[in-house]
*Asks:* 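This is the structure I have questions about; it appears just below.
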Amino acid sequence: MSHFSPEGNNPVDRITQSGLSGFTLAAENLGKTNRRDPNREIVDGWLASPDHRRNLLTPPFNTTGIGISRAPDGSLIYTQVYVTYPR
């Protein structure tokens with residue numbers, strides 16, 4: 001797992017390519033789990049990581065989106081994107 005796609009795009013590139021514009025700040029959290037309580041596992045893991053925790057708790061972020069997909073091995077992959085739009 002990486003914040004860079006196989007094509008070399010970073011989170012800001014992907015956000016922009018999705019059609020979103022006008023944001024001033026962006027970040028992304030990734031996680032993968034196959035545990036019985038996947039939501040708790042992912043959030044607890046993000047909260048235990050200083051960089052991921054900062055993304056979750058940074059006040060300027062005022063918009064978020066979450067995607068969950070199933071990997072070929074059956075585990076779940078979580079992506080949460082954070083952006084800031086001027087108020």
*Asks:* To the nearest 0.5 Å, what is the distance between CG on Asn9 and CD1 on Ile15?
*Replies:*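 Rounded to the nearest 0.5 Å, the CG-CD1 separation comes out at 11.5 Å.
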*Asks:* Distance check, rounded to the nearest 0.5 Å: Ser5 atom OG versus Asn10 atom CG?
*Replies:* 8.5 Å
*Asks:* Excluding sequence neighbours, so at least two apart, what forms ring-ring contact (aromatic ring centres under 6.0 Å, His included) with Phe61?
*Replies:*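 Applying ring-ring contact (aromatic ring centres under 6.0 Å, His included) to Phe61 gives Tyr82.
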*Asks:* Would Ile66 end up clustered with Trp46 when hydrophobic side chains under 4.5 Å apart are linked, directly or stepwise?
*Replies:* yes
*Asks:* Could you tell me which non-hydrogen atom of Ala71 sits nearest to which non-hydrogen atom of Ile77, and how far apart they are?
*Replies:* CB-CD1, 3.8 Å
*Asks:* Pick from His52, Gln80, Arg14: which one makes a side-chain hydrogen bond (donor to acceptor under 3.5 Å, both in side chains) with Glu28?
*Replies:* Arg14
*Asks:* Please confirm whether the backbone N or O of Tyr85 pairs with a side-chain atom of Asn62, one donor and one acceptor, at under 3.5 Å?
*Replies:*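 Between the backbone of Tyr85 and the side chain of Asn62 there is a qualifying donor-acceptor contact (under 3.5 Å).
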*Asks:* Quick one: do Leu30 and Leu57 end up in the same hydrophobic cluster if we chain Ile, Leu, Val, Met, Phe, Trp and Tyr together by side-chain heavy atoms under 4.5 Å apart?
*Replies:* no
*Asks:* Nearest heavy-atom pair of Pro86 and Gly22: which atoms, and what distance?
*Replies:*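 Nearest pair, atom of Pro86 first, then Gly22: CD-O, 3.3 Å.
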*Asks:* So how far is it from Tyr78 OH to Ile68 CD1, rounded to the nearest 0.5 Å?
*Replies:*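 The distance works out to 4.0 Å.
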*Asks:* From Thr63 OG1 over to Leu25 CG, what is the distance, rounded to the nearest 0.5 angstrom?
*Replies:* 11.0 Å
*Asks:* Check whether any side-chain heavy atom of Leu76 sits under 4.5 Å from a side-chain heavy atom of Lys32, and report yes or no.
*Replies:*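 Leu76 does not reach Lys32 side chain to side chain.
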*Asks:* Measuring from atom CZ of Arg53 to atom CG of Asn29, what distance do you get when rounded to the nearest 0.5 angstrom?
*Replies:* 12.0 Å
*Asks:* Using only heavy-atom distances, determine whether the side chains of Asp73 and Ser75 contain a donor-acceptor pair under 3.5 Å.
*Replies:*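 Result is yes, a qualifying pair exists.
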*Asks:* Could you tell me which non-hydrogen atom of Pro60 sits nearest to which non-hydrogen atom of Thr58, and how far apart they are?
*Replies:*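 Looking at all heavy atoms of both residues, the shortest contact is CD-CG2, 3.0 Å.
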*Asks:* Does Glu41 offer a backbone N or O that forms a donor-acceptor pair with the side chain of Asp44 under 3.5 Å?
*Replies:* no
*Asks:* State yes or no: do Val12 and Val81 share one hydrophobic cluster built from I, L, V, M, F, W and Y residues joined by side-chain heavy-atom distances below 4.5 Å, directly or via other members?
*Replies:* yes
